[in-house]
Amino acid sequence: MCNGWVRPVALLLLTLSLSSCGRPAVETGADDAVVLNGAADSNSADLSSPRYGGHLHVGHYIEPSSLDAVLGHSGGDTYYWRQLFDNLVDVDIELSPRPSTSLATSWDISTDPHSITFHLREGVTFHDGTAFNAEAVKFNIDRILDPATMATPRSSFTVIDSVDALDELTVRFNLKHPWGAGPNMLAERGGVMSSPTAIAKFGKEYGWNVSGTGPFELDKVVTGTSVHMVRNENYWGTDEEGNRLPYLDEVTIRVIRDQTVLAAALRTGEIDVAYLPYKDVSTFENDSRFQIESMEGGNVAFVMCFNLDMPPFDNVDVRRAVSYATNPEAINKTIFFNQAVVADSGMWPTGSFGHNPDVERPYYDLDKAREYLRAGGKPDGFEFTVVTWNHPMISPSAEVVRDMLKKIGITMNIEVFNAKAATEAFFHARKYPMFMSQWSRYPEPDWLASLAYKSDGWYNAANLERPDVDRLVERGASLYDPAERKAVYRELDALILDEAWFLPLLYGTYYAAAPLKVHNLDRLMAADAKMDLRLIWMSE
């Protein structure tokens, strides 16, 4: 098994100018080899001769909030939209921009005036036949910037003043100030390119009728049950040997919320790939029929999110009291089978660029918790209601926290919804003072900083004006030097943890498992630990 193979990296070069010659070769981390539970030798010979065809069945516990990346609000959406779309800029496993798999073959950064000019891939079409060109890029970015769209990534894109389509395959982003985070942010939701024709045709229903340029096309959505995709016969991408991608004919992603059912479906062959429930990791490790790939720091496995503008958590000392009263080691042992990692930093988990274990953060200390209760004017405790969602680890973890808080006189009531409803209720409707959840791994630190910490961020439940925080976020996003960026994010991390905006308690480890007939499992996890299926193939 390969553990912890995402490494800190340099984020960006000032100028990137790589020309495209014919069809691109897909670059992958060849040094990160998969060990197939002792069966590596029998399987490795097949890796040089991928087989076309097959129907891959994937199990995933979250249904998408939308297949439109720009409007979706759940990190789990990425498992679906990544198969259907390409990004203007793509990145490799180390978060380095990768033109060979991007819709932009090169880009030039100017500092006088500030701008980024993208040179686009020729001959690419959306699934509905619409041409991908500079006007399509302009349409997509303008859509994000339009406040009426209510785009999830908008707060991180407001650095863009305007977009000019210079010719059919050249587009320029005119910037208000430097944007060092720009290319990597375009590898996230904001850089996903949708067909302008399809958006105009379907309007509000586009989220379930999407048209991208990606390796698979949407065939059918069964709400709450599955998403079925078929091979894009006109896909532009190829593998290292020049073979056209994708290899698979079909992909079905099934929503399986029950962990026991998920593991059983993988074991019996009903599904072919899944991220393992923690309770089943050791069983699959000892089963020679399966191969496993892992990533430490694959997400923030359990986090408490506070609304800083809603009582009782509009008081920083009350937030601190709850933070110090919570014991992550007990949650890890009781709920996560000791497979998670106790968080030693902020919202950027182990192995990600922003992770810094030297930053000070709250730790379990009941005496300090009681001191902060007194400082917050609530020495005898208080009562509040938290919202969470029906995740097999999150809602039980909330129950454990409820018992912990009783020790300092706090009564915590719990309301449980599905992921979409709980997220909307906390961040948009603002009905609850606290949200208990998990958080995706976002390698580019500005994704989290802009969307969760900025005053106008979609995941900032309070949206309080905090010019000091906004300045830090904007500075971190603007810098081109990685060391300078890290220093800013350390300062930002320390502030958020001290004031208890978000309290990450556990970092997750992802274990992807599949039978030996599934190949290239070592290329399944992207830099954000989400699945990318374009290089997966099946031998039977």
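The chain is numbered in sequence order, starting from 1. Both backbone and side-chain heavy atoms feed into the values below; hydrogens, waters and symmetry mates do not. Everything numeric here is computed off the predicted structure, so don't read it as measured data.
Taking Ala200 as the reference, nothing meets the side chain to side chain contact (heavy atoms under 4.5 Å, CB included) condition, with sequence neighbours excluded. Qualifying side chain to side chain contact (heavy atoms under 4.5 Å, CB included) partners for Arg490, counting only residues two or more places apart in sequence or in other chains: Asn356, Asp358. In this structure Asp272 satisfies the salt bridge (Lys or Arg N to Asp or Glu O under 4.0 Å) test together with Lys517, sequence neighbours excluded. The ring-ring contact (aromatic ring centres under 6.0 Å, His included) test applied to His114 returns no partner, not counting sequence neighbours. Under the side chain to side chain contact (heavy atoms under 4.5 Å, CB included) criterion, Asp112 pairs with no residue, sequence neighbours left out. In terms of the side chain to side chain contact (heavy atoms under 4.5 Å, CB included) criterion, residue partners of Thr130 (sequence neighbours excluded) are, by chain and number, Phe126, Asp128, Ser195, Pro196, Thr197. With sequence neighbours excluded, the residues satisfying side-chain hydrogen bond (donor to acceptor under 3.5 Å, both in side chains) with Ser437 are Trp389.
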Could you pull out every donor-acceptor pair under 3.5 Å between side chains of residues 218-229 and any protein atom, sequence neighbours left out?
{"residue": "Asp219", "atom": "OD2", "partner": "His228", "partner atom": "ND1", "Å": "2.7"}
{"residue": "His228", "atom": "NE2", "partner": "Glu250", "partner atom": "OE1", "Å": "2.8"}

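For Arg441 (side chain) and Ala527 (main-chain N/O), a donor-acceptor pair under 3.5 Å exists by modelled atom type. Panel note: side chain Ser155, backbone Ser450; a donor-acceptor pair is recorded below 3.5 Å. Within the 3.5 Å criterion, the main-chain N or O of Leu535 finds a donor-acceptor partner in the side chain of Asn520. Within the 3.5 Å criterion, the main-chain N or O of Asp90 finds a donor-acceptor partner in the side chain of Ser102. In this structure a side-chain-to-backbone donor-acceptor pair under 3.5 Å is missing from Arg189 to Thr152. The closest donor-acceptor contact from the side chain of Ser110 to the backbone of Pro113 lies under 3.5 Å. Under a 3.5 Å cut-off, the side chain of Asp446 and the backbone N or O of Ala449 do not form any donor-acceptor pair. Here the side chain of Gln83 pairs a donor or acceptor atom with the backbone of Tyr79 at under 3.5 angstrom. Side chain of Ser74 to backbone of Pro64: no donor-acceptor contact under 3.5 angstrom is found. No donor-acceptor pair closer than 3.5 Å links the side chain of Thr238 to the backbone N or O of Asn243.
Ion pairing of Glu63 with Arg257 is present here, as a side-chain N (NZ or NE/NH1/NH2) and a carboxylate O approach within less than 4.0 Å. Under 4.0 Å is where a charged nitrogen must lie from a carboxylate oxygen, and between Glu270 and Arg254 at least one such pair does. With respect to the salt-bridge test (charged N to carboxylate O, under 4.0 angstrom), the residues Lys454 and Asp470 do not qualify.
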Between Tyr453 and Asn460, is a side-chain contact (heavy atoms from CB on, under 4.5 Å) present by the stated rule, with each step listed? CA-CA 6 Å; Tyr453 302 158; Asn460 183 333; 5.8 Å; no

Full working for salt bridge (Lys or Arg N to Asp or Glu O under 4.0 Å) between Asp92 and Arg98: CA-CA 6 Å; Asp92 63 18; Arg98 183 170 58 186; 5.7 Å; no

Take Asn174 and Val163 through the test side-chain contact (heavy atoms from CB on, under 4.5 Å) and record every step on the way to the result. CA-CA 6 Å; Asn174 302 304; Val163 180; over 6 Å; no

For a salt bridge (Lys or Arg N to Asp or Glu O under 4.0 Å) check, start with the C-alpha distance between Arg244 and Glu233, then their side-chain angles and the critical distance, and finish with the verdict. CA-CA 9 Å; Arg244 294 183 65 86; Glu233 298 294 346; over 6 Å; no

Starting from the C-alpha separation in whole Å, work towards a yes-or-no answer on side-chain contact (heavy atoms from CB on, under 4.5 Å) for Val273 and Leu56. CA-CA 8 Å; Val273 177; Leu56 185 77; 3.9 Å; yes

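Interatomic distance, Glu424 CD to Asn418 CG, rounded to the nearest 0.5 Å: 10.0 Å. Thr125 contributes atom OG1, which lies 11.5 Å from atom OH of Tyr235 (distance to the nearest 0.5 angstrom). Between atom CG of residue Leu120 and atom OG of residue Ser106 there is a gap of 9.0 Å, rounded to the nearest 0.5 Å. Atoms CZ and CG, on Phe132 and Leu169 in that order, are 8.5 Å from each other to the nearest 0.5 Å. Summarising the geometry, atom CD1 belonging to Ile199 is positioned 4.5 Å from atom OG belonging to Ser194; distances are rounded to the nearest 0.5 Å. Taking CH2 from Trp81 and CG from Leu67, the interatomic distance works out to 11.5 Å, rounded to the nearest 0.5 Å.
Aromatic pair Trp447/Tyr459: ring centres closer than 6.0 Å. In this structure, Phe435 has its ring center closer than 6.0 angstrom to the ring center of Phe427. For an aromatic pair to be called close, the ring centres must be under 6.0 Å apart, and His355 with Trp348 fails this. Aromatic ring centroids of Phe502 and Trp439 lie under 6.0 Å apart.
Listed by first and then second residue, the side-chain hydrogen bond (donor to acceptor under 3.5 Å, both in side chains) pairs that reach into residues 51-61 are His55-Thr252, Tyr61-Gln438, sequence neighbours excluded. Among pairs with a residue in residues 207-216, those fulfilling side-chain hydrogen bond (donor to acceptor under 3.5 Å, both in side chains) read Asp86-Thr213, at least two apart in sequence or across chains. The salt bridge (Lys or Arg N to Asp or Glu O under 4.0 Å) analysis of residues 164-188, with sequence neighbours excluded, yields the pairs Asp164-Arg172. Listed by first and then second residue, the salt bridge (Lys or Arg N to Asp or Glu O under 4.0 Å) pairs involving residues 131-155 are Asp68-Arg143, Lys138-Asp142 (not counting sequence neighbours).
Counting all heavy atoms, side chain and backbone alike, Ser66 lies closest to Asp77 at O-CG, 3.7 Å. Listed here is the closest heavy atom pair of Ala198 and Tyr206: CB-CE1, 3.7 Å. Minimum interatomic distance between Pro183 and Trp107 (heavy atoms only, all atoms of both residues): CG-NE1, 3.9 Å. Considering every non-hydrogen atom in both Arg121 and Pro99, the closest pair reads NH2-O, 2.8 Å. Here the closest heavy-atom approach between residue Asp493 and residue Met347 is recorded as OD1-N, 3.9 Å. Here the shortest heavy-atom pairing between Gly298 and Ala529 reads O-CB, 3.5 Å.
A cation-pi geometry, defined here as NZ or CZ lying under 6.0 Å from the six-membered ring centre and within 45° of its normal, holds between Lys486 and Phe353. Relative to the ring axis of Tyr442, Lys530 places its NZ or CZ within 45° and under 6.0 Å from the centre.
Ring geometry for His73 against Trp458 counts as parallel: the plane angle stays under 30°, on a 0 to 90° scale with 60° as the upper cut.
Side-chain contact between Asp239 and Arg534 is absent, with no heavy-atom pair separated by less than 4.5 Å. Between Phe118 and Leu186 there is a side-chain heavy-atom pair separated by less than 4.5 Å.
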